Structure formats: structure tokens, C-alpha cells
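What follows is one structure encoded as C-alpha cells, with my remarks underneath.
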Amino acid sequence: MFKQFKREVETALKKAIEDAGYRVNDLELGISPFADLATTVCYRIASSYKVPPDRAAKKIVEAMDTSDMPLIGEVKASGPYINFYTSDRFLTESLRAILKGDLGFESKDEVIILEHTSANPDGPLHIGHIRNTVIGDTLARILRRAGMRVEVEYYVNDMGRQAALVVLGLERFELDRSKKIDHAIADVYVKANRLIEENPELKSEVDQLIRRYEEGDEEVTARFREAVILSLEGIRQSLLRLGVDHDLFVWESDFVRTGDVSKIISWMKEDGSIPLVEKEGALMLDLSEAGFDKEFVLCRSDGTSIYATRDLAYHRFKARRGDRVIDVFGADHKLISSQLSYILGKMGVKKPEIVIFEFVSLPEGSMSTREGKFISCDELIDEVEARARIEVDKRRGDLPAEKRAEIARAVARGAIRYDIVKVSPEKPTVFDWDKALDFEKQSAPYLQYAHARCCSILRKVGGWDVREEEISAIPLDLLRTDQEIKLIKMLSKFSYIIEEAARTLKPNLLATYAKDLVDSFNLFYRDCPVLNAEDDLRKARLALVEATRIILSETLETLGIEALEEM
RNA sequence: GGGCCCAUGGCUCAGCCUGGAUAGAGCACCGGCCUUCUAAGCCGGGGGUCGGGGGUUCAAAUCCCCCUGGGUCCGCCA
């Protein structure tokens, strides 16, 4: 409902400014600590019309007509600011809409292809990869919640040197089958790297594997397939533990096999809109026109293709199927992805929107799968879950063991996801076990706990079973304490926040909202008894608890955190 | 060497895109609150030259330039 309120304010303000005899480009409306919405537009008017900003504010407020604006309560000039407040009707309508299942979204006719994670199949996901995973998956959930159709894809780098090294390693070292399969693959990969370092002459063998795979050699293809499928199996298990499921796994070798890669190369040769350079048999693009000082290599001197070229083919494939293409990439891909975008533009292919996140490092330095220096996603989940189990056991000895295990799993998944998503992607982070295992205020369990409290109250009255026709009869206008008003306003902002997060592709906005929402609920919980309230007030407060439960569970669901009914 | 990102209380962060009214949280620290809906909670307290310097502006944590420190990229790797 906040969106409608904002729309009303925009309409009324725009007209009032005109009627006061001014003209502006931007209404400069924003959420303020002093009002529900406030504008600073009078400063602008002051400088262009040479009037004191306070006078402009007063004049605009006098010209303001809000008689057709049921959601606007009060409008006040406060010095140079104009403050807008919601009406009583706004509060009641907001709650009523939520209780009736209208959360303020409309479905949009837009298909988005979103790629995230796409880790190399050379070992398990580690805590750096899952920053990509959590940002990507949360974005997908936000966009879906905002009404878009989203297809989530994982690009499998099966043709690279890493995959080839695993293949080489598998031929010489035994897989430790007692381990989770992707971890066993990592062991082999680390050993293969060491082997190559000690015997550099083996490098040509790797090159050969790559070439034979690209040529479609059956025996080699089968070996690559097996290695990659094994890694992917383990990776998918880890993703599932985080509540993440891709719609499609796209193998880069497909683009070589279908001829898409060679089509792109011949297009480059014929079209000529990007200058082509040949150096010792290798084919490159000269991108100096766009300010890139190094050439962009299309294919190696031995004729084999290169990751970046295959990625061009993949992006063309994505662009054909979606109205928008979104990629979630690590900061190391910044340069290559801007080159990619430039080339796609020249090819007449829709450019991707790229969300970049900075690296996660360990206190002792950066991670490396090759050197076996990393904390795996599985290890992290295991540790957090074990810690959560201790906490659950401490508090809920009354529950059966399976139930406690289930709660611990949900708490662990949530804690990990929230810990990652609450930090904005451009911030480089250092992993910290103490923070990961902290279940206090700025954490998922804090949010889940508030949801459980809502459920607990509702459980005590036998659950919420008010039919839609009866909702209008609930005396919601009794909810007028500061705590109640604040909470209702928070609830009304859900769709507004989702759309902001979707527009700016910033999932951390929703994390902040979730915490603010729960803060407001906790104040209400402390000061406003529900079950012990007088008849009508009790009904109204129960409705507010139900509305909070709805919005909070929607928020948690969108963050990929399970909304627990008890914990 | 060049490009991009980051720097906000002891620690971890929000706010920066779109400049405005007292810079918000959490952890840690100190002091309170379980005979009332789950204390993974709530209340109070101390603690900040928003890395440094210049500039733009009536107004800068927010925009621009320079510097410092950290990260990252600049492969016929992915």
C-alpha cells in the first residue's frame, strides 16, 4: 500500500508545485525520519526562483489539495521541507489488503535469464563461490516475487584447463570414494596440479586432451563427461542444502558441437566491424577503439576455441530466449565481461546486466582450489548446523530429535544465507567463523524467531481461520499505539522494497528490510499484549500478528530462509 | 605501471546510485528485565575528525580531483 501512498503524494505534490507557479524536473521525494515521505524540492525552487525555501514550502502546502487522496493524512511544511503523513485509512487498508492476500504485486510479461554460480567442475563449492550463489539465488527470488519469469542457469565450464586437469588426474590417481564426490575430485585436481608442476612436460598432454575433446574424440569425450558429471553431482548436492536449484545446466562444449562457436568466428571474419588480428596463427580482436589495450583472443594457434569465445555463443543463446539477461560474476570477471558486452553490442546481441561481487578471503589470505586452500561450502554448513543443533537442544528438549534436527538445518541454511546477503556485493569480505556461528540480532535466526513467535500466538487461538468476508468486520482502526502504527507501516512497504531491490539488483536491501520489520514486530510484541487484550482489540491485534506472519514469511521465503513455525 | 572496487565507533556492517533536518545497526563492554503471548528477545549507558587533503554547492559520509592503505584484473587460463 506504501506504493499507492507514494503515488498519491507524487500526484498531489506535482499539481501543488504547478499551482504555486513553479516548475521542477524531480519531486525529490524520499523516506524521512520525520515523516512517511518528505521532499527537499523547495531548495531547488529557492535557487531557481530566488525565493526563500521556507516560503516556497509554505506556498506549495497552501496550494495542495489532498481531498481526493484517501491515503494521505497530513501535509506539513517544516521549514524548507514538506512532510507527508499517511492517513488512518492507509493503515486500515494496508492491513486489510495483506489479510485478503493482496500484497501489491502484478505479474509482468518479462522473461529473465539469470546465470549464477557457474563454478568450475574441479572440486566442491567453497565459501567464495557461495557468495555468488546466494546473491544470484536471492536476486532470482526477488525478481520472481516482483512478478517476472526467471530462468536460472549454471554455465558448466567443461572444456577448460581445469576440467582437463581433472581428467588427467583421474587417469593417474584413485578417487577416494569414501568422500563426497566433489571433494574427492578436488583431491585429484590438487594432485594433478602438483604433478604438472613437477613434470612440466605433461603440459602438452593437457593441451592434447583439450584438443581431442574439442574435436569430439569419443574416448576423451567420455572421460570429460564422467569427470564433469561427478563434480556437478557434488556441487548440486551442496546447492540444494542452501535451498538453491538451477533450472538449466548449460555445458559450454555444446556451443562447439552445435557449430555456434565457429559461426561466431566466421561472422567476425566476414563482418569486419571489429578489426581482426592474426598473430602466429591465433585469431584476435583489436578492441582498442573501445579503450581495451590488450587484444581479445578468439582462438588459439592450434585452432581450438577459448572460454571467452564460447561465452559469446552462450550469451547469444541466452539473449535469444530472454527479454533480459543477468549475470552474477566475481570481481575477477570485470574486465572480460565488459569486453564481452562490447563485442555482443557489435554483434547486435542484447547485452547482459552484470552484477559483480567482490571476493571472500580467509584471514590467512585468498582461497585457491588448485592449492587446496579453501573452506568448502559443505564444511561450513556442517559446522553451522552442529552449532545450531546445540542451541536447539538447549532450548527445546521437549521436541523429538528429528524435529530438532530439522530446525537446526533450517537455522543453518538461513544463517549462512543471511550472513552473505546482508553485505552489499561490492564489499570485499574476510571470512570469520565467529560471525558465521553468531545467531544473535543481525542474523537469520533472529528473523526466524520472530516468525515463530507470530505462529505461537496464532496457535494459541487455534490458528487464523477468518474468512475473507469477515475481514472487513475486524475493528482494525483500534490499532493506534505507536508500536502498532510503526509495524503496519513496515508491513505496507514490502512490495515497495521488493521492487526497489529488483530495480537496482541489490538483494541486500531486502535483508535490511527484514531486520527492520522484525525490530518493529519485537517492539509491538513487548508492549502490546495480544491474547490478554479486550475482545475487539484482541481481534484486531490477532489480525496484525497474522499480517506480520504473512509478510515475514514472504520476506524470508524471498531470502531463501525457511519460515519456521517453532524453534 | 594502467583499469576497476573497497575504506564509516575496539570489531563487522547499513546509509553513497538519486547531496539536505539529530550518521543508523549488530558484536564486544557496563547496568537492568523471565508469576503475562518462546529471553535466539527487550530496555538503558559509554564509544564516530564517515582513511587523508583539496574542490563543487546555500548544503557533502554521499558528487569531482589528488594522495594513502587493502583487494582484484591487465594469459593462445577460466
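Convention: sequence-line order gives letters A, B, ...; per-chain numbering from 1. A quick note: this is a predicted structure, and the numbers were derived from the prediction, not measured.
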Are OP1 or OP2 of C77(B) and a side-chain N or O of Arg300(A) less than 4.0 angstrom apart? yes

Does the side chain of Lys334(A) get closer than 4.0 angstrom to OP1 or OP2 of G3(B) through an N or O atom? no

Think Lys427(A) has a side-chain N or O under 4.0 angstrom from the OP1 or OP2 of A14(B)? yes

Of the candidates U72(B), C37(B), U22(B), the side chain of Phe359(A) sits closest to U72(B)

Could you give the CZ-to-C1' distance, from Phe357(A) to C6(B), as a whole number of Å? 15 Å

Lys373(A) backbone acceptor or donor facing Ser368(A) side chain under 3.5 Å: no

If the cut-off is 4.0 Å, is Arg161(A) near the phosphate of C77(B), judged by side-chain N/O to OP1 or OP2? yes

Audit row: Phe431(A), Trp433(A), ring-ring contact (aromatic ring centres under 6.0 Å, His included) steps and yes/no: CA-CA 7 Å; Phe431(A) 180 78; Trp433(A) 275 112; 5.1 Å; yes

Side chain of Val423(A) only, please: which of C13(B), G75(B), C77(B) is the nearest? C13(B)

Does Phe292(A) reach a base, just sugar-phosphate, or nothing at all? Heavy atoms under 4.0 Å. nothing

Mark yes or no: Arg459(A) above the aromatic ring of Trp464(A), with NZ or CZ under 6.0 Å from the six-membered ring centre and no more than 45 degrees from the axis. no

Using the P atom as the point on both nucleotides, what is the distance between U56(B) and A60(B), in whole Å? 12 Å

Nearest whole angstrom, please: distance from the C1' of C77(B) to the OH of Tyr155(A). 14 Å

Donor-acceptor pair, Arg417(A) side chain versus Leu559(A) backbone, under 3.5 Å? yes

What about Glu280(A): does its side chain form a donor-acceptor pair under 3.5 Å with the base of C76(B)? yes

OP1 or OP2 of A14(B) under 4.0 Å from side-chain N/O of Ser424(A): yes

Give a yes/no answer on whether the side chain of Tyr446(A) brings an N or O atom under 4.0 Å of OP1 or OP2 in C42(B). yes

Integer-rounded Å distance: G75(B) C1' and Gln162(A) CD: 13 Å

Kindly say whether, by distance alone, the side chain of Ser32(A) makes a donor-acceptor pair under 3.5 Å with the base of A21(B)? yes

Please confirm whether any donor atom in the side chain of Asp158(A) sits under 3.5 Å from an acceptor in the base of A78(B), or the reverse. no

Is there a side-chain contact between Asn157(A) and the phosphate of C77(B), meaning an N or O under 4.0 Å from OP1 or OP2? no

Sub-4.5 Å side-chain heavy-atom contact between Phe329(A) and Ser337(A): yes

Rounded off to whole Å, could you give me the OH-to-C1' distance for the Tyr43(A) and C58(B) pair? 9 Å

Among the nucleotides A21(B), A40(B), U18(B), which one has an atom lying closest to any side-chain atom of Glu391(A)? A40(B)

Starting from C1' on G41(B), measure out to CD on Glu440(A) and report it in whole angstrom. 10 Å

Spacing of Asp527(A) atom CG relative to C33(B) atom P, expressed in whole Å: 17 Å

Taking OP1 and OP2 of G19(B), is either one under 4.0 Å from a side-chain nitrogen or oxygen of Arg44(A)? no

